[in-house]
There are 2 protein chains.
Amino acid sequence: MTGMTEPTPKPSQERPYARAHERLKAAGLRSTRQRLALARLLLEKGDRHVTAEGLHAETKAAGIRISLATVYNTLHQFTDAGLLREVVVGTGRSWFDTNLDDHHHFLFEESGRIEDIPPGRIALSDLPAPPDGTSLAGVDVVVRVREGS
Amino acid sequence: MTGMTEPTPKPSQERPYARAHERLKAAGLRSTRQRLALARLLLEKGDRHVTAEGLHAETKAAGIRISLATVYNTLHQFTDAGLLREVVVGTGRSWFDTNLDDHHHFLFEESGRIEDIPPGRIALSDLPAPPDGTSLAGVDVVVRVREGS
DNA sequence: GTGATTGCAAATCTTTTGCACTAAA
DNA sequence: TTTAGTGCAAAAGATTTGCAATCAC
């Protein structure tokens, strides 16, 4: 027991970093300045699809200083911690998706951008049995669309 | 008319490059030494999935001298000409598939290798409508499997 | 002969890594 | 204090490109 007054915890809506801090803590990640900033950008804005490059540009625009290498590392740490999902489509570009539900993607061929397909809009039947000696890890469906026409 | 004897054309089975030559010609591509060699490796051995790197190694092992850049360029020319299909899965690696039929792939996560899923083994229903202003370009299904267990 | 094709090396693009420095707990 | 995390620059793939030399037609 201390003689000091306990500070009254404010509800997290009033402390912008509190939610991010809690999520990082729950994921077993230290709340560093850069992880908090990225967590806020990614996890408090609804569903998002970002590339490392794009997120880095976003932090720069917001006046947050983070190196591109740290953005890459952090995105992978978040993915390993189950806060993000990595989506590999199109050539040589990884997207990170904040939507963790089981879902699939539209791929816009011109821009390489992706977008969620509303849940329940794709049904797969007759899934083939995995080849001998293998087990199913997941199924990805990519619906490629062209802009215009 | 010449006094010379016309050489009797042999059936193409006996002239290993004849078929490849005809396919290139039909595709509007000049029959260069390297295109013929690659066409034979790719198109006369049943269904194949190759990477540029892998195909380059194969030519080297066969004593055929082709630069890696030319292998890349040729694979793309063949793809543009409709002789091959490019399959992008996993990170930063393009596969070229000699199977032009509409079909999908297993992806072996450890090795990054792909394999055709037997036709008719996947049925998609309830395909979502392409977003406004876009038209459907194709649907790719990747069944990811893990080796072992 | 002449324009398409090739080879090479250098450039590009995305992503990863090594390591000295910094900061969270 | 101690150990995880960061920044930077350099490395590492995969692929592309520029250009002079070469080859198919």
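Numbered from 1 within each chain, the chains take letters A, B, ... in sequence-line order. Because the structure is a prediction, the values reported are computed rather than measured.
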Novice: Hey, does the side chain of B/Ser94 come within less than 4.0 Å of D/dT15's phosphate (OP1/OP2), counting only N and O?
Specialist: yes

Novice: Can a side chain N or O of B/His76 be found less than 4.0 Å away from OP1 or OP2 on D/dT16?
Specialist: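 Result: yes.
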
Novice: Using atom CZ of A/Arg30 as one end and atom C1' of D/dT2 as the other, report the distance to the nearest whole Å.
Specialist: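 After rounding, the reported distance stands at 8 Å.
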
Novice: How is B/Ser31 classified with respect to the nucleic acid when contacts are heavy atoms under 4.0 Å: base, sugar-phosphate, or nothing?
Specialist: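 The residue B/Ser31 makes sugar-phosphate contact but no base contact.
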
Novice: Side chain of B/Thr32: nearest nucleotide among C/dA23, C/dG7, C/dT5?
Specialist: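 Output: C/dT5.
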
Novice: Whole Å only: how far is the CG atom of B/Leu75 from the P atom of C/dT6?
Specialist: 12 Å

Novice: Touch check for B/His56, heavy atoms < 4.0 angstrom, all strands: base, sugar-phosphate only, or nothing?
Specialist: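 Nothing, no heavy atom under 4.0 Å.
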
Novice: Between A/Arg48 and A/Glu58, is there a salt bridge with N-O shorter than 4.0 Å?
Specialist: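 A salt bridge is present here (some side-chain N lies under 4.0 Å from a carboxylate O).
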
Novice: Would you please classify the geometry between the A/Phe108 ring and the A/Phe106 ring as parallel, tilted or perpendicular, with 30° and 60° separating the classes?
Specialist: tilted

Novice: Mapping A/Ile66 and B/Ala69 to their closest nucleotides on DNA chain D, which lands nearer the 5' end?
Specialist: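 Comparing both residues, the 5'-ward one is A/Ile66.
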
Novice: Remember a base hit wins even if backbone is also touched, and classify B/Thr70 as base, sugar-phosphate or nothing at under 4.0 Å, heavy atoms.
Specialist: base

Novice: Shortest non-hydrogen contact from B/Val88 to B/Ser94?
Specialist: CG2-OG, 3.9 Å

Novice: Rounding to an integer number of Å, can you tell me how far B/Asp80 CG sits from C/dA4 P?
Specialist: 17 Å

Novice: Rounded to the nearest Å, what distance is computed from the CG atom of residue B/Leu68 to the P atom of nucleotide D/dT16?
Specialist: 11 Å

Novice: Could you report the tightest heavy-atom contact between B/Ala27 and B/Leu83, atom names first, then the distance?
Specialist: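 B/Ala27 and B/Leu83 have their closest heavy atoms at CB-CD1, 4.2 Å.
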
Novice: Output the rounded distance in Å from CD (B/Glu86) to C1' (D/dT16).
Specialist: 13 Å

Novice: If you find the nucleotide of DNA chain D closest to B/Tyr72 and the one closest to A/Leu29, which residue's nucleotide is nearer the 5' end?
Specialist: A/Leu29

Novice: Round to the nearest Å and state the distance from A/Asn73 atom CG to D/dT6 atom C1'.
Specialist: 9 Å

Novice: What nucleotide among D/dT3, D/dT6, C/dT14 has an atom nearest to a side-chain atom of A/Arg35?
Specialist: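 The answer is D/dT6, which lies nearest to the side chain.
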
Novice: Using whole Å, what does the distance between atom C1' of nucleotide C/dT15 and atom CD of A/Glu53 come to?
Specialist: 10 Å

Novice: From the list C/dG7, D/dG7, C/dT15, which nucleotide is the closest neighbour of the side chain of A/Ser67?
Specialist: D/dG7

Novice: Would you call A/Arg113-A/Glu147 a salt bridge at under 4.0 Å N-O?
Specialist: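 So A/Arg113 pairs with A/Glu147 through a salt bridge.
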
Novice: Distance check: side-chain N/O of A/Arg93 vs OP1/OP2 of C/dT14, anything under 4.0 Å?
Specialist: yes

Novice: Tell me if a side-chain donor or acceptor on B/His56 pairs with a main-chain N or O of B/Ile66 at a distance below 3.5 Å.
Specialist: yes

Novice: Is the phosphate of C/dT22 approached by A/Arg65 (side-chain N or O, under 4.0 Å from OP1 or OP2)?
Specialist: no

Novice: For A/Gln34 and D/dG5, what is the distance between atoms CD and C1' respectively, to the nearest whole Å?
Specialist: 8 Å

Novice: Does B/Gln77 put a side-chain nitrogen or oxygen below 4.0 Å from OP1 or OP2 of C/dA4?
Specialist: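 No, outside the criterion.
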
